[in-house]
Amino acid sequence: GELIPTVAQYLREATKYPQLKMIPEIKTHKSNERNAQVVENVIRLVRELGIQEQVEYIAFSQFICEYLHQLEPQAKLAYSNGDPTPKEIKDMGLSGIDYRYSVYDKYPTWAQEAKALGLEVNVWTVNNEQELIKFSTNPYIDLITTDEPLTLKQILKKGKKKRKHKNN
């Protein structure tokens, strides 16, 4: 019974909260022609709403990432598929990686390599408490996507208390 907002409704909501970051994922379609059309429509809408500074993009398609970067080179854009190395992402001109947590387990140096290259490092979808602890204490991880935000909030709160205690 829940209504799913359109992309336009989702992005219009950002205009009400200027401090809010919107991170739309541009889904992969059957053809690059359709992928290009979707990218163009999203960018047009973001520009019309004047929320370029509030929007960061993620996508699983290398074509979408490259095309979006070509049209909007200043936009923050993270690749999510997990196959290119951080160096390859940097060479593509993207601003970050947004990989599933298992990718960082398979390639444990990638988060550190990405940070050294100036990339933002995101991890998804981390729901297990032990994994949330592991990634929230990793100094190379910038953002965590989770379906358990309250659990993550509690973990982060406990971590702050420990850090304050150690610093005093």
Side-chain angles (χ1 to χ4, degrees), residues 5-15 17-127 131-132 134-147 149 152:
T6 65
V7 172
Q9 290 169 327
Y10 169 78
L11 292 174
R12 279 193 193 98
E13 198 65 20
T15 64
Y17 308 96
Q19 76 287 358
L20 183 67
K21 265 304 173 202
M22 304 295 276
I23 306 177
E25 177 188 328
I26 300 185
K27 297 289 189 183
T28 306
H29 294 82
K30 289 183 180 181
S31 71
N32 283 339
E33 181 180 314
R34 181 71 177 131
N35 287 331
Q37 182 182 29
V38 170
V39 168
E40 291 164 8
N41 288 339
V42 171
I43 288 175
R44 179 184 43 75
L45 183 58
V46 167
R47 287 177 181 166
E48 284 174 7
L49 294 171
I51 56 172
Q52 294 93 320
E53 296 299 316
Q54 282 181 261
V55 176
E56 299 178 13
Y57 303 92
I58 58 174
F60 283 86
S61 161
Q62 187 170 337
F63 173 85
I64 288 173
C65 287
E66 290 172 343
Y67 190 61
L68 195 149
H69 179 66
Q70 177 187 337
L71 297 179
E72 198 72 50
Q74 300 306 316
K76 282 192 156 190
L77 172 59
Y79 186 69
S80 297
N81 206 36
D83 46 346
T85 67
K87 172 85 169 77
E88 290 169 328
I89 293 296
K90 182 71 172 182
D91 291 345
M92 288 168 55
L94 305 184
S95 61
I97 57 176
D98 186 11
Y99 291 163
R100 181 171 169 77
Y101 66 92
S102 59
V103 172
Y104 298 109
D105 290 337
K106 186 175 179 180
Y107 303 104
T109 63
W110 277 15
Q112 183 176 359
E113 289 172 29
K115 292 306 293 180
L117 292 167
L119 297 172
E120 186 171 69
V121 180
N122 307 330
V123 58
W124 60 268
T125 297
V126 185
N127 292 328
E131 293 291 320
L132 284 167
K134 178 174 86 174
F135 286 107
S136 68
T137 58
N138 182 325
Y140 305 110
I141 300 293
D142 296 304
L143 298 169
I144 298 172
T145 300
T146 182
D147 296 326
L152 179 57

Give the table of side-chain donor-acceptor pairs shorter than 3.5 Å for residues 100-109, with sequence neighbours excluded, one pair per line with atom names and distance.
from   : atom 1 : to     : atom 2 : distance (Å)
Tyr104 : OH     : Asn122 : O      : 2.7
Asp105 : OD1    : Lys134 : NZ     : 2.6
Thr109 : OG1    : Glu113 : OE2    : 2.6

Exercise. Would you say Thr15 and Ile51 make side-chain contact, with heavy atoms under 4.5 Å?
Worked result: yes
Exercise. Can you tell if the side chain of Ser95 reaches within under 4.5 Å of the side chain of Lys76, non-hydrogen atoms only?
Worked result: yes
Problem set entry | Residues forming a side-chain contact (heavy atoms from CB on, under 4.5 Å) with Ala116, sequence neighbours excluded | none
Seminar exercise, completed: Sorted by chain and residue number, the side-chain hydrogen bond (donor to acceptor under 3.5 Å, both in side chains) partners of Asn127 (sequence neighbours excluded) come out as Thr146, Asp147
For this session: List in chain and number order the residues that pass side-chain hydrogen bond (donor to acceptor under 3.5 Å, both in side chains) with Glu13, two or more places apart in sequence or in another chain; answer none if no residue qualifies.
Result: Lys16
Exercise. Roughly how far, to the nearest 0.5 Å, is CG of Leu45 from CZ of Arg12?
Worked result: 6.0 Å
Problem set entry | Flag, side chain of Glu72 to backbone of His69, donor-acceptor distance under 3.5 Å | no
For this session: Examine distances only and state if a side-chain atom of Asn35 and a backbone atom of Ile64 form a donor-acceptor pair shorter than 3.5 Å.
Result: no
Exercise. Does a side-chain N-to-carboxylate-O contact under 4.0 Å join Lys115 and Glu120?
Worked result: no
Contacts under 3.5 angstrom, residues 53-60 side chains, donor-acceptor by atom type, not counting sequence neighbours:
from  : atom 1 : to    : atom 2 : distance (Å)
Gln54 : NE2    : Ala14 : O      : 3.0
Gln54 : NE2    : Tyr17 : O      : 2.9
Gln54 : NE2    : Leu20 : O      : 2.9

Exercise. Can you name the residues that form a side-chain hydrogen bond (donor to acceptor under 3.5 Å, both in side chains) with Glu40, not counting sequence neighbours?
Worked result: Tyr67
